[in-house]
Amino acid sequence: AQVVVESGGGSAQAGGSLRLSCTVSGYDYPPECWAWFRGNSPKEREGVASICRDIGDTSYADSLEGRFTITLDNTKKTMYLQMNSLQPDDTAMYSCAVRYFGGQYTSLRRGTYSYWGNGIQVNVSS
């Protein structure tokens, strides 16, 4: 079975940094594309960042203003989200999503991903 696992969440003060990781298992090859979403329920999830395996393209939510960076290690089947200059509004459940088929295009739309992790909490205090 395909498994998606997030790690690295926790608490930070405003202005601080955290790095989230997402690791997959189940297929012999890494996903075509990956993404981070945040929200306290599946319906509330908004796209944060996306990256694709071969083309190297990335997409970010406009609201982030360049504070987050998404990177990928295909050999480890792991994706990272470096979050800098954290703000209290960044507090949320962060979920990793992946897609194995369908084309390599970055997307911040929930429906374009097939597998999801359970999410990890990030809390930012002022």
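Counting begins at 1 with the first residue of the sequence. Just so it is clear, the structure is predicted and the values come from calculations on it, not from any experiment.
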**Asked** Are any of the side-chain heavy atoms of Ser25 and Lys77 separated by less than 4.5 Å?
**Response** no
**Request:** Output the distance between atom OG (Ser21) and atom CG (Asp73), rounded to the nearest 0.5 Å.
**Result:** 10.0 Å
**Asked** Would you say the side chain of Gln104 lies within less than 4.5 Å of the side chain of Arg53, judging by non-hydrogen atoms?
**Response** yes
**Request:** Give the intermediate values and the outcome of side-chain contact (heavy atoms from CB on, under 4.5 Å) for residues Ser95 and Trp36.
**Result:** CA-CA 6 Å; Ser95 300; Trp36 285 102; 5.8 Å; no
**Asked** Testing Val48, Ile70, Leu108 for side chain to side chain contact (heavy atoms under 4.5 Å, CB included) with Tyr60, which one passes?
**Response** Ile70
**Item:** Gap between atom OG of Ser114 and atom CD of Glu32 - 0.5 Å precision
**Value:** 10.0 Å
**Request:** Would you check if the side chain of Arg67 reaches a backbone N or O of Ser85 as a donor-acceptor pair within less than 3.5 Å?
**Result:** yes
**Prompt:** Between Gln82 (side chain) and Thr69 (backbone), is there a donor-acceptor pair under 3.5 Å?
**Reply:** no
**Item:** Phe37/Trp116 aromatic ring centres below 6.0 Å
**Value:** yes
**Prompt:** When you measure from the side chain of Thr91 to the backbone N and O of Val124, does any donor-acceptor pair fall under 3.5 Å?
**Reply:** yes
**Request:** Could you tell me if the ring centre of Tyr27 sits under 6.0 Å from that of Tyr100?
**Result:** yes
**Prompt:** Do Leu86 and Leu18 have side-chain heavy atoms sitting under 4.5 Å apart?
**Reply:** yes
**Message:** With no hydrogens and no angle check, just 3.5 Å: does a side-chain donor-acceptor pair link Tyr113 and Ser50?
**Reply:** yes
**Derivation of the side chain to side chain donor-acceptor pair (under 3.5 Å) call for Thr106 and Asp57** = CA-CA 7 Å; Thr106 58; Asp57 280 1; 5.7 Å; no
**Complete:** SG (Cys52) and CZ (Arg99) are apart, to the nearest 0.5 Å, by 5.5 Å
